[in-house]
Amino acid sequence: MATPLKHYLQFSDLSAQEYVYLFQRAAAIKAKFKDYEKYHPLTDRTLAMIFEKASTRTRVSFEAGMYQLGGSVVHLTAEGSQLGRAEPIEDSARVISRMVDLVMIRTFEQEKIERFAAHSRVPVINGLTNEFHPCQILADIFTFIEHRGSIAGKTVAWVGDGNNMANTWLQAAELLGFRVHVSTPRGYEIDEKLAMGPGGTTAGCYQFFSNPLDACRGADLVTTDVWTSMGFEAENEERRRAFADWCVDQEMMAAARPDALFMHCLPAHRGEEVTAEVIDGPQSVVWDEAENRMHVQKALMEYLLLGRVA
């Protein structure tokens, strides 16, 4: 029986129960990878990867992951296809989705990926948009579970820009039952309407702090991102001034719980959003976090194409 068509465009597209399953599958698939056990559930399946934004981790994790699952990959860029020219997104979606089994898109506006998905015959995955980054938060929460167990009831401190990562953390908190302490400079706050997702609410899951040190107090996880995301490079100098006090340092980590973890989605700029002592220190799990993008995405691709497996 065919698996019902399901897209993954933002974190709120799946239920809490589906995430429990995905984290279990990611652990099982990762264990096979570590044991050099061949696992090819997606033989003869093809993933199309569409990049309008540059990528290192997203490309490597999806491409390697799909090959490890026995499938194949087609890599497209805006410059090398009709996506960067005059063809409507809807027409590209109709054509590409007739030739592949799964599409991952990394682009600018969320509206682009939603238009593509609305006309796709196959599942579409958000590899990053200006508004959301669900695969990264999927990896971050899986990494937390590996190191500290369930994230339910815990506190995550978000220090920095109210960006796609922050929006996605709030969606995850609402679904999975944890809290987020948010601290951003004035003018860079989270857009609550985006963070809520369709029909959702964020009222009970987060608290805003004007002082980033206060946001870190008692946190189980402290996390941040670059001050200037892709597409906002023209604001770089202005942002450097605005974010000067939002560098995660040892004082902030000391304010968190003694066993608190530090995460960063990478690439990182040491001395800007985080000090070298923190990102290279004992509480940092950024390399596990980066690797886990591949494992959770393998679980996600398996689920979207095959549904639940034994």
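Worth knowing before you read on, the calculation uses all heavy atoms, side chains too, and leaves out hydrogens, waters and symmetry mates. What you see is a predicted model; the values in this text were computed from it and never measured.
Note on L14 and L306: same hydrophobic cluster, where clusters join Ile, Leu, Val, Met, Phe, Trp and Tyr whose side-chain heavy atoms are under 4.5 Å apart, directly or indirectly. L304 and I137 fall within a single hydrophobic cluster, where Ile, Leu, Val, Met, Phe, Trp and Tyr side chains are chained together by heavy-atom contacts under 4.5 Å. Residues V309 and L138 fall within the same hydrophobic cluster, defined by Ile, Leu, Val, Met, Phe, Trp and Tyr side chains chained together at heavy-atom separations under 4.5 Å. The cluster map of Ile, Leu, Val, Met, Phe, Trp and Tyr, joined by side-chain heavy atoms under 4.5 Å apart, puts L5 and M104 in different clusters. Connection of V20 to Y303 is not established within any shared hydrophobic cluster, with ILVMFWY side chains joined at heavy-atom distances below 4.5 Å, either directly or through further cluster members.
A 4.5 Å side-chain heavy-atom check between E302 and I29 finds at least one atom pair inside the cut-off. Two residues are said to be in side-chain contact when any heavy atoms from C-beta on lie closer than 4.5 Å; M252 and L213 meet this criterion. In this structure, the side chains of Y8 and N126 stay at 4.5 Å or more apart for every pair of heavy atoms. You'll find the side chain of L102 stays beyond 4.5 Å of the side chain of V122, heavy atoms only. Contact check for V222 versus Q283: no side-chain heavy atoms found under the 4.5 Å cut-off. Side-chain contact check for M301 versus R45: every heavy-atom pair is 4.5 Å or farther apart. Looking only at side-chain heavy atoms (C-beta outward), D140 and M165 come within less than 4.5 Å of each other. For the pair F144 and D220, the minimum side-chain heavy-atom distance is below 4.5 Å.
Side-chain N or O atoms of R148 include one that pairs as donor or acceptor with a backbone N or O of D259 at under 3.5 Å. Using a distance-only test at 3.5 Å, with no hydrogens or angles considered, a donor-acceptor pair links the side chain of T223 to the main chain of M263. Side-chain atoms of S284 never come within 3.5 Å of backbone atoms of D280 as a donor-acceptor pair (strictly under, hydrogens ignored). In terms of modelled atom types and a separation under 3.5 Å, the side chain of R106 and the main chain of L128 share no donor-acceptor contact.
Between H295 and F142, a ring centre-to-centre spacing not shorter than 6.0 Å is recorded.
Atom CZ in F208 sits 11.0 Å away from atom CG in D214 (nearest 0.5 Å). The line from CZ of F178 to CH2 of W169 is 5.0 Å long, rounded to the nearest 0.5 Å. How far NE2 of H269 is from CZ of R240: 9.5 Å, rounded to the nearest 0.5 Å. Separating the OH atom in Y36 from the NZ atom in K38 is a distance of 15.0 Å, to the nearest 0.5 Å. Taking CG of L76 as the reference point, atom CD1 of I105 lies at 10.0 Å (rounded to 0.5 Å). To the nearest 0.5 angstrom, I145 atom CD1 is 11.5 Å from K154 atom NZ.
With respect to R115 and E109, no salt bridge is recorded, no charged nitrogen being found less than 4.0 Å from a carboxylate O.
In summary, the side chains of Q136 and N164 do not present any donor paired with an acceptor at a separation below 3.5 Å, with no hydrogens or angles considered. Inspection of the Q297 and S61 side chains reveals an N or O donor paired with an N or O acceptor under 3.5 Å. There is no side-chain donor-acceptor pair under 3.5 Å between T107 and T129. For S92 and E87, the side-chain atoms include at least one donor-acceptor pair closer than 3.5 Å. No hydrogens or angles considered: a donor-acceptor pair under 3.5 Å links the side chains of K53 and N130. Counted by atom type alone, Q171 and N167 present zero donor-acceptor pairs between their side chains at under 3.5 Å.
Across all their heavy atoms, I141 and A172 have their closest contact at CD1-CB, 3.8 Å. Residues L9 and F132 come closest through the heavy atom pair O-CB, 4.4 Å. Taking every heavy atom of both residues into account, R257 and G218 meet most closely at CG-O, 3.4 Å. Taking each heavy atom of A215 and A157 in turn, the nearest pair found is O-CB, 3.5 Å. Annotation for C135 and L300: closest pair SG-CD2, 4.1 Å, computed over non-hydrogen atoms. Of all the heavy atoms in F243 and D161, the pair that sits closest is CE2-N, 3.4 Å.
Because its NZ or CZ atom is both nearer than 6.0 Å to the ring centre of Y21 and within 45° of the ring axis, R308 counts as a cation-pi partner of that residue.
Note: F209 and H181 have tilted aromatic rings, judged against thresholds of 30 and 60 degrees for the angle between ring planes.
When the options D225, T168, D191 are evaluated for a side-chain hydrogen bond (donor to acceptor under 3.5 Å, both in side chains) with N163, the one that passes is D225.
Within a 6.0 Å radius of CG in D44, other residues, nucleotides and ligands contribute 12 heavy atoms or fewer.
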Audit row: E289, R57, salt bridge (charged side-chain N to carboxylate O under 4.0 Å, His left out) steps and yes/no: CA-CA 11 Å; E289 178 190 4; R57 278 151 293 277; over 6 Å; no
